[in-house]
Asker: 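Got a structure for you, questions after.
Nothing here was measured: the structure is a model prediction, and the numbers come from that model.
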Amino acid sequence: MTSIAQERADRLNSLPFQKSAVSGGGLIGGFWGSIKEIAAHRELLDLLIRRELKARYKDSSLGFIWSLIRPLTMLLIYYVAIGQFLGAARGIPDFAIFVFTGLTIWGLYSEIVSTGTMSIIGNAGLIKKVYLPREIFPLAATGSAIFNFVIQMVVLVGATIVLGQFPLSRNLLYVPVAILIVLVWGVAFALLLSALNVYLRDVQYLVEVAMLILFWASPIVYSWSLVVGAITNSRAPWLLEVYLLNPVTVAVLAFQKGLWQAGSETRTMADITVGPQPWPPDLDVRLLVTAVVGCVFLIVCQRVFQKLQGNFAQEI
Amino acid sequence: MSLLPQRPPIKNAPVVIRTRDVSKRFIIRKDKSLKERIVNFGRSKQHKEDFWALRDIGIEITAGTSVGLVGANGSGKSTLLKVIGGIIQPNEGFVERRGRLAALLELGAGFHPDLTGRENVFLNGSILGLTQQQTADYFDSIVAFSEIGDFIDTQVKFYSSGMYVRLAFAIAVHVDPDILLVDEVLAVGDEPFQKKCMDKIREFQQEGRTIVFVSHSAGQIADLCDRVIVLSHGKIVFDGETEAGIDALRESFGS
């Protein structure tokens with residue numbers, strides 16, 4: 001009879017050696033290797049997302065309803081201040097739906113990037129003590145952002161149904177495309193910035209400021225037609241192209257085209273008639289290009305992350 | 001004068017850890033913020049300090065042995081343990097391993113204070129490489145070992161430090177590792193629990209698991225290890241029998 005120890009030794013004898021540091025591999029090969037490693041840890045990823053969601057509102061009595069109160073408050077503020085006081089609602093039919101559509105998709109992006117940026121630092125305790133594929137932490141942040149997004153999405157779609165504005169048309173196809181673009185770019189930035197934040201803590205404050213600017217750089221509380229009006233009358237019409245270079249802007253526009261039905265119709269409000277809203281020319285091509293460039297950027301960011309992560313444990 | 005119980009002999013024991021010319025350089029930057037970096041741009045040499053935490057470490061550890069890594073503070077023993085565990089990547093050389101590895105570097109590193117003990121058991125089990133199903137199977141045994149009892153459904157932030165560590169240790173020993181890395185964590189809990197930990201370690205040794213310890217306690221090393229590696233300033237100065245190793249350690253303190 002062989003002992004437990006001998007059995008273990010015989011089993012180990014038959015195992016191949018594994019290198020503990022797997023930072024090698026080419027651009028695509030290395031990326032693929034990392035994907036496989038993360039896939040092997042998907043159960044843990046799932047638990048980390050739950051942990052993040054559970055822990056966030058653990059001792060509050062309203063719980064995850066808080067994650068809805070924030071966007072709804074923002075909606076109210078923009079509806080009253082920008083829509084009514086500043087008069088943006090006059091040229092934008094169904095202003096409330098328009099703003100909430102923009103806020104929902106923007107909320108997904110900004111939450112992925114800002115919580116993702118903090119994710120490595122926030123899990124310093126684990127990173128210093130256990131080896132895990134470190135991409136898991138930005139991805140867990142992404143997962144909890146997706147959860148909040150889904151809740152808002154339910155509210156948004158519910159509101160369009162209640163108001164009889166559910167956009168049953170081919171435009172709905174823009175919605176998944178917009179979400180995909182936001183996820184790809186959001187995760188790419190989350191990976192890159194979370195890794196840089198380990199070496200340079202200023203990154204997290206920089207992200208905060210950048211998010212503030214970027215919020216106003218996309219047509220979320222004002223409409224695309226206002227941008228077109230302002231820029232084509234100026235002496236620099238090429239600014240419109242610059243405006244559209246922002247991947248999130250393109251995604252926000254596609255998302256609005258998909259879910260904001262009033263934008264594609266002629267509406268009469270009070271005594272003025274508002275025609276269908278303009279959309280950027282070649283929106284489909286732009287979406288395709290943004291998605292493809294985003295995928296390449298994601299791969300590059302993951303490789304940079306992989307290069308930087310070797311020193312995480314000692315730099316944190 | 002070994003206090004060890006007779007271990008089962010292992011025929012043609014395989015090598016489970018091998019390191020080849022592993023070197024690790026640490027760079028200490030004194031300017032952490034963007035402002036300081038920009039102000040000091042071009043003069044960054046003055047604001048950096050680097051040293052070799054490990055230099056050309058080549059070791060092979062065979063299955064079933066218990067190895068003590070010892071040395072003075074700052075000799076690189078914890079760094080070596082982290083490099084073996086894959087937590088830090090070496091600048092040069094490489095580490096190869098086989099078999100399931102568990103690292104007891106800090107007990108309860110993955111605990112979230114706001115989650116209950118039960119939730120943390122599943123989370124921590126997953127971090128250490130168990131599937132949900134395996135954790136569920138071991139769950140009762142983990143709770144029994146930790147002696148936590150009914151507190152398992154309490155948030156861990158309300159645990160005493162002893163309970164915290166006991167639960168963490170209980171999870172770690174149920175991971176069924178082939179290789180166990182231990183860093184100074186055995187001095188936890190009250191005396192009966194410490195004895196329980198030691199008994200568990202002995203049981204692990206009987207089962208032919210490989211254990212790598214980092215410890216300052218010569219007594220513990222003499223008690224548990226059958227091979228000692230003494231490090232000094234990132235280099236191996238002794239590698240061999242326990243008794244001679246402890247003498248070498250004392251010598252290295254003097255240098």
Side-chain angles (χ1 to χ4, degrees), chain A residues 2-24 40-48 50-52 54-59 123-134 136 199-203 205-206 306-307 309-315, chain B residues 7-16 18 24 26-27 29 32-35 37 53 62-64 79 82-91 94-99 101 103 105-106 109-115 119 122-123 126-129 131-132 155 178 183 205-210:
Chain A
T2 50
S3 65
I4 307 171
Q6 187 63 49
E7 271 174 36
R8 186 182 301 278
D10 292 342
R11 179 171 56 80
L12 287 171
N13 235 335
S14 62
L15 290 176
F17 271 103
Q18 282 178 322
K19 272 198 185 170
S20 68
V22 252
S23 66
H41 287 82
R42 60 184 180 280
E43 254 190 9
L44 174 60
L45 180 59
D46 182 53
L47 279 172
L48 285 174
R50 279 163 202 265
R51 177 189 80 170
E52 209 132 308
K54 261 189 206 158
R56 188 177 305 172
Y57 301 113
K58 187 81 184 185
D59 287 327
N123 287 290
L126 268 184
I127 285 166
K128 275 196 278 192
K129 301 296 174 188
V130 194
Y131 176 75
L132 299 165
R134 274 79 184 243
I136 274 204
Y199 296 88
L200 203 60
R201 297 297 155 87
D202 300 66
V203 169
Y205 306 109
L206 216 67
Q306 190 61 43
K307 261 260 150 353
Q309 67 107 14
N311 284 334
F312 278 180
Q314 80 220 36
E315 288 283 346
Chain B
R7 297 247 199 99
I10 299 176
K11 274 178 284 192
N12 54 34
V15 173
V16 285
R18 80 182 160 208
K24 179 70 196 172
F26 277 169
I27 298 171
R29 296 197 75 104
K32 200 78 183 171
S33 80
L34 188 61
K35 188 189 86 189
R37 291 263 172 110
T62 47
T79 307
K82 284 181 181 174
V83 169
I84 291 173
I87 298 158
I88 292 180
Q89 284 175 13
N91 294 87
F94 58 86
V95 177
E96 286 179 318
R97 305 188 300 250
R98 51 186 169 183
L101 175 130
L105 297 190
E106 186 176 292
F111 277 9
H112 195 292
D114 287 332
L115 299 182
E119 288 164 336
F122 280 91
L123 183 63
S126 186
I127 287 168
L128 293 173
T131 64
Q132 293 297 283
Q155 292 178 19
D178 296 312
D183 189 354
Q205 291 178 327
Q206 288 291 320
E207 290 165 352
R209 300 178 206 260
T210 312

Asker: Can you find a heavy atom in the side chain of Q314(A) that is under 4.5 Å from one in the side chain of K24(B)?
Answerer: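 Yes; the side chains approach each other to less than 4.5 Å.
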Asker: What part of R8(A) lies closer than 4.5 angstrom to a heavy atom of chain B: side chain, backbone, both or neither?
Answerer: side chain
Asker: Could you have a look at D46(A), N311(A), L126(A), N13(A) and say which one has the most heavy-atom pairs with chain B under 4.5 angstrom?
Answerer: N13(A)
Asker: Taking side chain as everything from C-beta outward and backbone as N, CA, C, O, which of these in N123(A) sits under 4.5 Å from a heavy atom of chain B? Side chain, backbone, both or neither.
Answerer: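 N123(A) has no heavy atom closer than 4.5 Å to chain B.
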Asker: Say you draw a straight line from CZ of F111(B) to CZ of R51(A); how long is it, rounded to the nearest 0.5 Å?
Answerer: 12.0 Å
Asker: Quick check on the interface: out of R98(B), Q155(B), R209(B), who has the most heavy-atom pairs with chain A under 4.5 Å?
Answerer: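 Counting heavy-atom pairs under 4.5 Å, the top option is R98(B).
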Asker: Please name the pair of heavy atoms, one in F122(B) and one in L47(A), separated by the smallest distance, quoted to 0.1 Å.
Answerer: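 Heavy atoms of F122(B) and L47(A) come nearest at O-CD1, 3.6 Å.
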Asker: Check the pair Q89(B), Q309(A) against side-chain contact (heavy atoms from CB on, under 4.5 Å), reporting the backbone distance first and the verdict last.
Answerer: CA-CA 9 Å; Q89(B) 284 175 13; Q309(A) 67 107 14; 3.3 Å; yes
Asker: What distance separates I87(B) CD1 from R134(A) CZ, expressed to the nearest 0.5 Å?
Answerer: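 Those atoms lie 7.5 Å apart.
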Asker: Which heavy atom of A9(A) sits nearest to which heavy atom of P14(B), and what is that distance?
Answerer: O-CG, 3.3 Å
Asker: Could you tell me which portion of L15(A) (side chain, backbone, both or neither) has an atom closer than 4.5 angstrom to a non-hydrogen atom of chain B?
Answerer: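 Both parts, heavy atoms under 4.5 Å.
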Asker: Checking heavy atoms, do the side chain of R11(A), its backbone, both or neither come under 4.5 Å from chain B?
Answerer: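 Only the side chain of R11(A) comes within 4.5 Å of chain B.
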Asker: Is Q132(B) close to chain A through its backbone or its side chain, or both, or neither, when contacts mean heavy atoms under 4.5 Å?
Answerer: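 Answer is both: backbone and side chain atoms of Q132(B) are under 4.5 Å from chain A.
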Asker: Looking at A55(A) and L115(B), what are the two nearest heavy atoms and their distance?
Answerer: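 Smallest heavy-atom distance, with atoms named: N-CD2, 4.4 Å.
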Asker: Heavy-atom cut-off 4.5 Å, strictly under: side chain, backbone, both or neither for T131(B) against chain A?
Answerer: both
Asker: If we check side-chain contact (heavy atoms from CB on, under 4.5 Å) with L12(A), which of these qualifies: V15(B), T62(B), D178(B)?
Answerer: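 When side-chain contact (heavy atoms from CB on, under 4.5 Å) is applied between L12(A) and each of V15(B), T62(B), D178(B), only D178(B) qualifies.
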Asker: Count the heavy atoms belonging to other residues, nucleotides or ligands that lie under 6.0 Å from OH of Y205(A), then report whether that count exceeds 12.
Answerer: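 Not more than 12 within 6.0 Å, no.
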Asker: Using the side-chain contact (heavy atoms from CB on, under 4.5 Å) rule, take H112(B) and K54(A) through it: C-alpha gap first, then chi angles, then the decisive distance, then the call.
Answerer: CA-CA 10 Å; H112(B) 195 292; K54(A) 261 189 206 158; over 6 Å; no
Asker: Is it the side chain or the backbone of I136(A) that comes within 4.5 Å of chain B heavy atoms, both, or neither?
Answerer: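 I136(A) has no heavy atom closer than 4.5 Å to chain B.
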